[in-house]
Amino acid sequence: MPVKAIKPGYHGEFRDRVENFRGQQLLNICWEKHTMFGWPMCIPVPPEMPFGALLEQVLPGIYGAHPDFARIKWNEVQWSSAKGPFTPDPSKSMVEHGFKHKTQIRFRTPGLDGHNGAG
Amino acid sequence: MSNIQPVFIALQANNDTLPIIEAICSDNPQAQVNEYPAMVKINCPGRMVIRRSSVEERMGRDFDLRELQINLISLAGEVDESEDEFVLFWKA
Amino acid sequence: MAADGDLKPIKKLSLKENYALLTRGLGWEPTYEKKEEIFRTIDFEGIKIHDWEKWEDPFRLTMDAYWKYQGEKERKLYAIIDAFQQNNGQFNVTDARYVQALKLFLNGIVGLEYASHRGFNILGREFPGVGPRIAAQMQAIDELRHATTQIHAISHYNRFFEGMADFPHQFDRVWYLSIPKSFFEDAVSSGPFEFIVAISFAFEYVLTNLAFMPWMSGAAFNGDMSTVSFGFSAQSDEARHMTLGIEVIKFLLEQDPDNVPLVQKWIDKWFWRGYRLLALLATMMDYMLPKRVMSWSEAWTIYYEENGGALFADLARYGIRPPKYADVTIKEKQRVSHEMWSIFYSVRNAVGFPVWLPSAEEMDWFSEKYPDTFDRYYRPRFEHWRELEEKGTPFTNMTLPQLCQVCQWPCIYTEPDDPTEFVHRETEYQGETFHFCSDGCKDIFCNEPEKYVHAWLPVHQIYQGNCFPEGADPTAPDFNPLVAALQYMGIKPGVDGGLMSQHVDASRWEQWTSRPANLHEGAITQAVRKTT
Ligand SMILES: [Fe+2]
Ligand SMILES: [Fe+2]
């Protein structure tokens with residue numbers, strides 16, 4: 001059911017179109033089960049940034065404080081998005097992985113399910 | 001499910017409401033009084049009536065049921081108000 | 001006088017006659033303007049009203065009585081506020097943590113009273129029926145009274161504590177305060193019928209008891225005579241507003257069967273919107289009252305499950321069912337306050353009040369009140385965080401959240417059936433991705449994407465560079481966008497947020513009262529030790 005409005009044809013502007021982000025795009029990242037961090041993270045990234053940079057330069061800053069983080073075996077991590085599981089390639093960029101503006105990616109680390117079972 | 005769903009009224013706990021609460025209890029034998037800090041909440045299945053005459057008797061003065069507004073905190077149920085009675089009820 | 005002996009005194013009008021004269025008697029049919037020209041927003045939502053005369057205002061409050069009783073409420077309220085201030089009541093509350101809840105109240109809730117005042121002014125103009133118009137006008141005045149008395153009462157605290165001085169600024173700009181702000185803006189930018197169903201029914205009738213009854217009773221329990229007085233004074237109007245809410249619903253449903261699905265859709269939407277808003281309050285009740293009257297979970301059981309159950313049983317005769325996703329609220333009642341406090345703690349440097357970890361006593365209380373969740377999911381987390389605090393490296397999250405496009409909460413919520421899994425809900429609309437905290441919010445978006453695509457989401461605005469103070473230079477080498485965003489919001493790093501044990505409110509409290517700032521954890525300054 002479309003919105004009912006006083007003026008026919010009403011449509012709000014897309015306030016978060018990628019053009020508004022000065023050459024960057026938003027990426028949402030969620031470490032599954034690690035609810036201690038409270039929420040999936042939202043960060044701006046250059047579309048051409050390689051996945052490897054995300055792993056090496058971005059994730060430690062976000063999640064490094066968690067006791068599980070240092071124990072992650074990165075080759076065993078299960079990656080997925082709303083479209084289903086995917087296997088990242090560290091040398092390929094965000095765009096080459098098919099990540100659009102505001103894509104959410106999730107990673108699951110089986111066996112590392114949160115500190116003492118509490119996120 | 002007829003007429004057993006609870007209605008309630010919550011009043012500030014103060015000297016003005018003591019006689020009102022007493023009147024409610026005597027006019028509604030099924031009323032159940034819950035005391036909380038600064039607040040009294042009275043539940044009653046189906047229907048609850050506040051009678052002006054019962055309040056006046058206990059207050060020892062004329063009472064306009066609209067004075068309830070001053071110390072009312074909340075209520076649940078449909079309301080029917082006249083000069084003589086303030087009634088809370090559910091139809092179902 | 002004796003000469004007039006045979007003159008009968010004029011019969012006093014009954015309440016019903018009096019009210020009929022005020023409403024029906026003072027209304028008129030326009031003759032030189034078309035009705036459609038006068039009431040231009042009454043049709044577009046699709047609600048059908050055949051006879052406005054069928055409107056019944058159960059309270060039948062006439063203007064003379066309205067002013068008389070409102071005046072009396074004000075006199076009573078100000079007598080208490082005066083006494084509170086003259087007696088330095090701000091130092092008689094349980095401890096300095098309690099005051100932090102007032103900051104949330106002032107910065108986040110008072111603005112809603114004012115927004116509500118504006119909304120009901122609009123209804124007072126837009127409704128063709130005299131009865132509902134008068135009720136809306138009275139409510140508009142009430143809401144303004146709520147805003148002013150709350151500001152006035154809390155202004156006294158502002159003389160002694162940080163974080164309250166810029167409440168309108170914070171309401172407009174602070175990231176988590178976009179949650180209450182956008183809630184009301186959503187309502188006020190809908191049509192008049194949706195607004196009144198949203199605010200008078202779904203919010204005031206179904207949900208505000210949770211806000212004002214246990215929380216205000218809690219304020220009393222913590223010694224805050226001032227807050228409980230303005231709270232109950234406002235709530236005495238609220239009882240009238242709630243009755244307006246149920247009257248509106250009955251009126252709409254009885255006017256035309258075609259109204260039923262519209263009303264149901266609004267009930268579903270606004271129950272969910274209101275419920276998400278109340279998560280803030282769940283946290284205030286469970287974590288910010290040093291002495292507690294009841295838990296959020298108990299309050300939800302009494303005020304939603306029991307009273308809401310009675311209400312929806314009553315409305316079933318119209319074909320109305322309980323709000324969609326009410327079952328999710330019941331599943332979430334065991335965790336929502338814990339999830340919320342966890343995020344406030346971990347982003348404490350970006351919030352407008354200091355936070356703390358629950359004490360051992362408080363955790364025991366949680367174990368008792370939340371037997372299915374607390375010991376399993378939250379106690380180990382808080383114990384881990386306490387260890388880190390003791391080591392001098394308290395847990396901190398420095399990264400901004402993915403926000404829900406509708407309620408604007410960060411996507412903090414977990415699956416209804418599994419508190420260890422984050423909720424992931426998204427949709428694509430015209431090529432763009434949108435994220436939601438829940439099925440409830442996703443449904444709301446999908447029903448009206450045209451409206452929600454232009455939500456002002458603080459995180460995205462910060463990243464777009466729209467939340468910097470005037471004169472900031474984002475190209476400067478030492479420019480820190482997060483620090484600049486906090487300045488823009490009116491949050492002073494090192495003053496407003498952080499840990500309670502290091503906060504200036506805490507040390508001043510001990511200096512001024514010689515009592516510990518956190519009654520469970522002992523003093524943090526010499527000011528208390530030397531007296532004991
Ligand atoms: Fe209000
Ligand atoms: Fe949401």
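Nothing here was measured: the structure is a model prediction, and the numbers come from that model. Basis for what follows: all heavy atoms, side chains included, without hydrogens, waters or symmetry-related copies. In what follows, chains carry the letters A, B, and so on, assigned in the order in which the sequence lines appear, proteins first and then strands, with residues in each chain numbered from 1.
- Among C:K68, C:M213, C:K16, the residue making the largest number of heavy-atom pairs under 4.5 Å with chain B is C:M213.
- Residues of residues 21-34 of chain B lying within less than 4.5 angstrom of chain C, judged on heavy atoms, are absent.
- B:Q5 places no side-chain N or O within donor-acceptor distance of the main-chain N or O of C:L311, the cut-off being under 3.5 Å.
- Taking 4.5 Å as the limit, every side-chain heavy atom of B:S82 sits out of range of all side-chain heavy atoms of C:L15.
- A donor-acceptor contact shorter than 3.5 Å is absent between the side chain of C:S217 and the backbone of B:Y36.
- Smallest separation of non-hydrogen atoms from B:K41 and C:N307: NZ-ND2, 4.2 Å.
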(message) Does C:K250 form a side chain to side chain contact (heavy atoms under 4.5 Å, CB included) with B:K91? I'd like the steps, not just the answer.
(response) CA-CA 12 Å; C:K250 283 174 13 195; B:K91 283 198 187 113; 4.2 Å; yes
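- Across all non-hydrogen atoms, the minimal contact from C:S14 to B:E83 is CA-OE2, 2.8 Å.
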(request) Step by step, work out the side chain to side chain contact (heavy atoms under 4.5 Å, CB included) result for B:D64 and C:Y69. (result) CA-CA 11 Å; B:D64 183 332; C:Y69 294 121; 3.6 Å; yes
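- Considering only heavy atoms from C-beta on, B:Q12 stays 4.5 Å or farther from C:V228 through its side chain.
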(request) Check the pair C:F232 / B:N14 against side chain to side chain contact (heavy atoms under 4.5 Å, CB included), numbers first and verdict last. (result) CA-CA 12 Å; C:F232 282 165; B:N14 60 29; over 6 Å; no
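- Within 6.0 Å of the CG atom in B:N15, the count of heavy atoms belonging to other residues, nucleotides or ligands does not exceed 12.
- In terms of modelled atom types and a separation under 3.5 Å, the side chain of C:D314 and the main chain of B:W90 share no donor-acceptor contact.
- Contacts between residues 71-81 of chain B and chain C, counted as heavy-atom pairs separated by less than 4.5 Å, involve B:N71, B:L72, B:I73, B:S74, B:L75, B:A76, B:G77, B:E78, B:V79, B:D80, B:E81.
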